[in-house]
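Before any comments, here is the structure.
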Number of protein chains: 2
Amino acid sequence: MTKMHKENILSKNQQIIFNLINKSSEPLKAYTILFNVQKKGIKAPPQVYRALDKLVEIGKIHKIESKNAFVACKNSNCEISKATVFSICENCEIIDEVSDVKLSKYLSKFNDKNGMKFKRFNLEFFGLCKKCK
Amino acid sequence: MTKMHKENILSKNQQIIFNLINKSSEPLKAYTILFNVQKKGIKAPPQVYRALDKLVEIGKIHKIESKNAFVACKNSNCEISKATVFSICENCEIIDEVSDVKLSKYLSKFNDKNGMKFKRFNLEFFGLCKKCK
DNA sequence: CTCTAAAACGTTATATTATTACATACTGTT
DNA sequence: AACAGTATGTAATAATATAACGTTTTAGAG
């Protein structure tokens, strides 16, 4: 018998905000999201941040820390939400989630010299994308 | 003849702020820095942020993106300021710069499938440190 | 030395990002 | 129905960061 997964049905606000992020071609910032969902009744920052926190927690979206922006996870409902790798173009700011199993495994297995056991990591690569170089 | 290095003499504000960060046992946030250097005549946020930007640029300090905090570089005046790796304890928030040549080389050589050439990366590992686990 | 361009500085105001605090409502058990 | 846990709505405010000025200092070039 395979491991059961909780359905992770999204609440109303979570669904609205996830839909917006998911159909966006670029990472969205919290206040950009807020402006775009006000017509749907989400009027205040805490509503947005609470939904974002939850969506990050369950792996539906990721936060690009260096940009304070959020993207939908592209990796099959994100089994690897605890192991994120992004590529960021320093010119046009286009951001992609890097899916490299070898890299992810390598990093997931990494242990430092202080005997610290890592549960999670976030890696952000910067450079110039094809178009901008 | 060996390659010449610019001295990178710090300006007054840069030196004050670097000294503070360098002697701190933990990452410092911009406004914590501001409060701590007001007696030295640095009174406004832009003065702090400008110095921080410069110090990051020349590799004397690094920004921990997930914490909006700054630490002094521990790697011999930081030849590798474009390739940073940190370990962060999720409980006590202690942060260390990870110096693993193999890891750094592996990541520096990494190229993604979109033909993007990376110039820089930042990796943040999260877990529980020895004490907290 | 003097001129100049770049870097650094000082200051005010404001923009952007994120949280606290508290009251209310919904959801899924027992 | 009663309860616990999650989600919601709202107002206020905290924390982080930048814009836009004008001035001063620094480091080289001539």
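- Taking atom CG of residue Leu10(B) and atom C1' of nucleotide dT26(D), one finds them 14 Å apart after rounding to whole Å.
- For the OP1/OP2 pair of dA18(C) and a distance below 4.0 Å, the side-chain nitrogens and oxygens of Tyr49(A) include at least one atom meeting the criterion.
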Tabulated below should be each protein N or O lying under 3.5 Å from an N or O of nucleotides 22-30 of chain C; please produce it.
none

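- When the side-chain nitrogen and oxygen atoms of Gln47(B) are compared with OP1 and OP2 of dC9(C), none of them lie within a distance under 4.0 Å.
- Contacts of Lys40(A) with the nucleic acid, taken as non-hydrogen atoms under 4.0 Å apart, are absent.
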Between Glu124(A) and Lys67(A), is a salt bridge (charged side-chain N to carboxylate O under 4.0 Å, His left out) present by the stated rule, with each step listed?
CA-CA 10 Å; Glu124(A) 298 179 8; Lys67(A) 304 286 177 194; over 6 Å; no
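- Shown here are the side chain to side chain contact (heavy atoms under 4.5 Å, CB included) partners of Asp112(B), two or more places apart in sequence or in another chain: Ser87(A), Phe110(B), Asn114(B), Met116(B), Phe118(B).
- If you chain together hydrophobic residues whose side chains sit under 4.5 Å apart, Leu55(B) and Ile42(B) fall into the same group.
- In this structure, Lys67(B) does not reach the dT16(D) phosphate: none of its side-chain N or O atoms is under 4.0 Å from OP1 or OP2.
- In this structure, the side chain of Ser24(B) does not engage the main chain of Leu20(B) through any donor-acceptor pair within 3.5 Å.
- Judged by distance alone, with hydrogens and angles left aside, the side-chain atoms of Gln47(B) form a donor-acceptor pair with the main-chain N or O of Ala44(B) at under 3.5 Å.
- Distances shorter than 4.0 Å separate none of the side-chain N or O atoms of Ser11(B) from OP1 or OP2 on dT26(D).
- At a non-hydrogen distance threshold of 4.0 Å, Lys29(A), Tyr31(A) from residues 27-38 of chain A come into contact with DNA chain C.
- For Ile58(B) and dA7(C), the CD1 to P distance is 13 Å, given to the nearest whole Å.
- To the nearest angstrom, P of dG10(C) lies 12 Å from CD of Gln14(B).
- Nucleotides of DNA chain D nearest to Pro45(A) and Ala51(A) differ in position, and the one nearer the 5' end is that of Ala51(A).
- Taking only side-chain nitrogens and oxygens, Lys12(B) never comes nearer than 4.0 Å to OP1 or OP2 of dT24(D).
- Between the CD1 atom of Ile16(B) and the C1' atom of dA8(C) there is a distance of 13 Å, given to the nearest Å.
- Taking side-chain N and O atoms only, Asn68(B) has a distance below 4.0 Å to OP1 or OP2 of dA17(D).
- Between Asn13(A) and the phosphate of dG9(D), there is a side-chain N or O to OP1/OP2 separation shorter than 4.0 Å.
- Transitive grouping of hydrophobic side chains (ILVMFWY, heavy atoms separated by less than 4.5 Å) brings Val85(B) and Leu123(A) into a common cluster.
- Between the side chain of Asn36(B) and the backbone N or O of Thr32(B), at least one donor-acceptor pair lies under 3.5 Å.
- Between the side chain of Asn111(A) and the backbone N or O of Lys109(A) there is at least one donor-acceptor pair closer than 3.5 Å.
- Atom CG in Leu55(A) sits about 16 Å away from atom P in dT6(D), given to the nearest Å.
- The minimum heavy-atom distance between Leu28(A) and Ile21(A), with the atom names listed, is CD1-CA, 3.9 Å.
- Nucleotide dA17(D) holds its P atom 17 Å from the CD1 atom of Ile42(B), rounded to whole Å.
- Here Cys89(B) contributes atom SG and Lys130(B) contributes atom NZ; the two are 13.0 Å apart, rounded to the nearest 0.5 Å.
- When each of Lys54(A) and Ala44(A) is assigned the nucleotide of DNA chain D with its nearest heavy atom, Lys54(A) is the one assigned upstream, toward the 5' end.
- Rounded to an integer number of Å, the gap from CG of Asp53(B) to P of dA7(C) is 14 Å.
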